[in-house]
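Here is the structure we will look at.
Excluded from the calculations below are hydrogen atoms, water molecules and symmetry mates; all remaining heavy atoms, backbone and side chain alike, are included. Chain identifiers are assigned alphabetically (A, B, ...) following the order of the sequence lines, protein sequences preceding nucleic acid strands; residue numbering begins at 1 within each chain.
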Protein chains: 2
Amino acid sequence: MIKKKSISENVLRRLPKYYRILQELEHENVKKISSTVISKMLNFTASQVRQDLSNFGEFGHQGYGYDVVYLKEQINNILGLNRIHNVIVVGGGRIGQALANYRGFKEEGFAVLAVFDIKTEGINVGEGIKVLKMSQLEAYLKQNYVEVCIIATQKEVAKDVADQVKALGIKAFWNFAPCDLSLGEDVVVENINMSESLFMLAYKYKNLNKE
Amino acid sequence: MIKKKSISENVLRRLPKYYRILQELEHENVKKISSTVISKMLNFTASQVRQDLSNFGEFGHQGYGYDVVYLKEQINNILGLNRIHNVIVVGGGRIGQALANYRGFKEEGFAVLAVFDIKTEGINVGEGIKVLKMSQLEAYLKQNYVEVCIIATQKEVAKDVADQVKALGIKAFWNFAPCDLSLGEDVVVENINMSESLFMLAYKYKNLNKE
DNA sequence: TAGATTGTTAATCGATTAACAATC
DNA sequence: TAGATTGTTAATCGATTAACAATC
């Protein structure tokens with residue numbers, strides 16, 4: 001297999017931001033856009049915008065700029081958003097329920113099919129979303145094609161649960177438990193570490209009037 | 001005022017990680033730790049650990065390492081976690097409710113006092129947390145000392161609501177609406193952008209077997 | 001055509017890593 | 001004392017920015 005130049009984390013983290021403003025621009029019926037205008041919207045430099053995009057191909061035209069819809073579609077493809085991913089949630093507490101019911105994910109191509117927990121009582125989710133016991137997980141995954149698992153358990157059990165789900169073949173984890181999940185090289189994990197974000201808020205707040 | 005060398009975002013983002021493992025070490029009754037061991041726990045280099053910490057002071061001892069409790073306390077101070085911050089949540093939807101009820105925040109010194117929304121019906125929160133109407137916000141903030149506002153509204157109104165709260169004197173915002181809130185230089189904002197994290201997960205997943 | 005703007009190469013800047021004297 | 005480990009200076013590496021030829 002051809003060795004691809006791997007893309008830096010920094011570049012990758014900016015892609016969703018380009019995608020977001022292109023969505024907005026499309027919504028506003030803007031047809032074309034230059035790297036300079038993009039850069040102003042995001043507080044980047046125009047150079048950086050062009051460098052970032054050139055990692056993935058030549059999407060613009062000299063003297064013209066970028067076609068909004070075309071560029072959006074390209075980034076959509078790069079990010080792999082051009083299809084539906086089936087999702088389960090493990091952990092039916094408040095965060096699990098909130099995530100299962102959040103409409104935004106469906107719009108972005110992530111469909112929550114079911115929520116799993118030890119007990120199913122008291123878990124309220126939207127129409128069409130199943131609430132099942134952990135003991136039913138293995139059978140469920142055999143019968144349903146699921147690609148993403150949201151971990152919304154207590155931090156004490158997050159690692160165990162994730163390992164269990166990994167053993168059943170799931171390769172993508174979105175972790176909301178307050179710990180960094182490391183599950184090995186053969187799966188992907190995105191951690192949403194709310195505590196760390198809160199700590200950063202505290203730091204910035206404390207230093208607000210220091211400079 | 002003395003011009004301080006400002007600390008880079010990269011360094012700051014690592015501080016909460018040091019704090020987290022120090023908490024764990026304290027829990028396990030570990031008394032001292034070296035930069036090498038810290039670095040292995042976090043997948044950093046030992047050099048980086050020492051560089052990072054030396055931005056804030058000299059916390060270690062040659063030939064010994066760092067005292068776990070002392071270092072934890074120091075980072076606690078740097079981050080400004082050594083006191084309670086009062087918090088309100090604006091937006092009583094599922095995410096707002098989940099955040100209001102999440103116990104973790106209280107443990108970390110962030111106490112949610114009240115949830116505000118247009119309507120108060122159907123908002124369930126834990127004991128001691130008030131559910132109030134947006135129209136009561138101004139009066140409430142005049143009578144209660146609140147430092148942090150969690151924005152848990154729809155993205156369409158997030159900016160308006162935040163500006164409104166800012167006008168009432170709040171200077172720290174934790175934003176869960178799927179947009180980057182820019183509120184000016186005189187306040188601090190931490191954005192939790194779940195969509196962007198989800199996009200990154202999709203990208204990593206898509207490229208899992210590419211290299 | 002002339003002005004605009006790309007994609008890319010080169011220059012700069014900043015962050016990470018390595019090395020080591022100081023010293024517990 | 002000898003081994004360990006810090007804090008810091010210097011070297012390296014990578015990311016950002018600037019510049020510009022190509023060209024729509």
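- In this structure, Ile33(A) places its CD1 atom 15 Å from C1' of dA4(C), rounding to the nearest Å.
- Ring geometry, Phe59(A) versus Tyr70(A): the interplanar angle exceeds 60°, so the pair is classed perpendicular (tilted spans 30 to 60°).
- In this structure, Tyr66(B) reaches the dG7(D) phosphate: one of its side-chain N or O atoms is under 4.0 Å from OP1 or OP2.
- Test Arg50(B), Lys40(B), Gln48(B) against Ser35(B) for side chain to side chain donor-acceptor pair (under 3.5 Å) and you get one pass: Arg50(B).
- Arg50(A) has no side-chain polar atom (N or O) that falls below the 4.0 Å cut-off from OP1 or OP2 of dG7(C).
- One atom, CD1 of Ile7(B), and another, C1' of dA15(C), lie 13 Å apart when rounded to the nearest Å.
- For Ser8(A), counting side-chain heavy atoms from C-beta on, the closest listed nucleotide (dG7(C), dT6(C), dA15(D)) is dA15(D).
- Comparing dT5(D), dA15(C), dA18(C) by their closest approach to the side chain of Asn10(B) singles out dA15(C).
- At whole-Å resolution of the value, CG in Asp52(A) and P in dA15(D) are 11 Å apart.
- The salt bridge (charged side-chain N to carboxylate O under 4.0 Å, His left out) test with Glu26(A) is passed by exactly one of Arg20(A), Lys32(A), Lys72(A): Lys72(A).
- Rounded to whole Å, atom C1' of dG14(D) lies 13 Å from atom CG of Asn55(A).
- Using a 4.0 Å heavy-atom distance criterion, Phe44(B) is classed as making no nucleic acid contact.
- Of the nucleotides present, dC24(C) is the one that pairs with dG3(D) by Watson-Crick or G-U wobble criteria, both distances under 3.5 Å.
- Rounded to a whole Å, the CZ atom of Phe56(A) is 16 Å from the C1' atom of dT8(C).
- Two residues, Gln51(B) and Gln51(A), neighbour DNA chain D, and the one matched to the more 5' nucleotide by heavy-atom proximity is Gln51(B).
- Neither OP1 nor OP2 of dT16(D) sits under 4.0 Å from any side-chain N or O of Thr45(A).
- At least one donor-acceptor pair closer than 3.5 Å links the side chain of Asn55(B) to the backbone N or O of Asp52(B).
- Spacing between atom CG of Leu71(A) and atom C1' of dT5(C) amounts to 14 Å, rounded to whole angstrom units.
- Comparing His61(A) and Glu58(B), the nucleotide of DNA chain D nearest to each residue sits closer to the 5' end for Glu58(B).
- The nearest whole Å value for the distance from the CG atom in Asp67(A) to the P atom in dC24(D) is 16 Å.
- You'll find a donor-acceptor pair under 3.5 Å spanning the side chain of Ser47(B) and the base of dA18(C), going by distance alone.
- Counting heavy-atom neighbours within 6.0 Å of Gln23(B) CD, excluding the residue itself, gives a total above 12.
- The number of heavy-atom neighbours closer than 6.0 Å to CD of Glu185(B), taken from other residues, nucleotides and ligands shown, is 12 or below.
- For the pair Gln62(B) CD and dT1(D) P, the computed distance is 16 Å after rounding to whole Å.
- Here dT17(D) sits opposite dA10(C) as a Watson-Crick or G-U wobble pair (both hydrogen-bonding atom distances under 3.5 Å).
- Here Thr36(A) lies out of heavy-atom contact (under 4.0 Å) with every strand.
- When the side-chain nitrogen and oxygen atoms of Gln48(B) are compared with OP1 and OP2 of dT16(C), one or more of them lie within a distance under 4.0 Å.
- Contacts of Ser34(A) with the nucleic acid, taken as non-hydrogen atoms under 4.0 Å apart, involve only primed sugar atoms and P, OP1 or OP2.
- Proximity of Arg14(B) to the phosphate of dA15(C): no side-chain N or O atom is located under 4.0 Å from OP1 or OP2.
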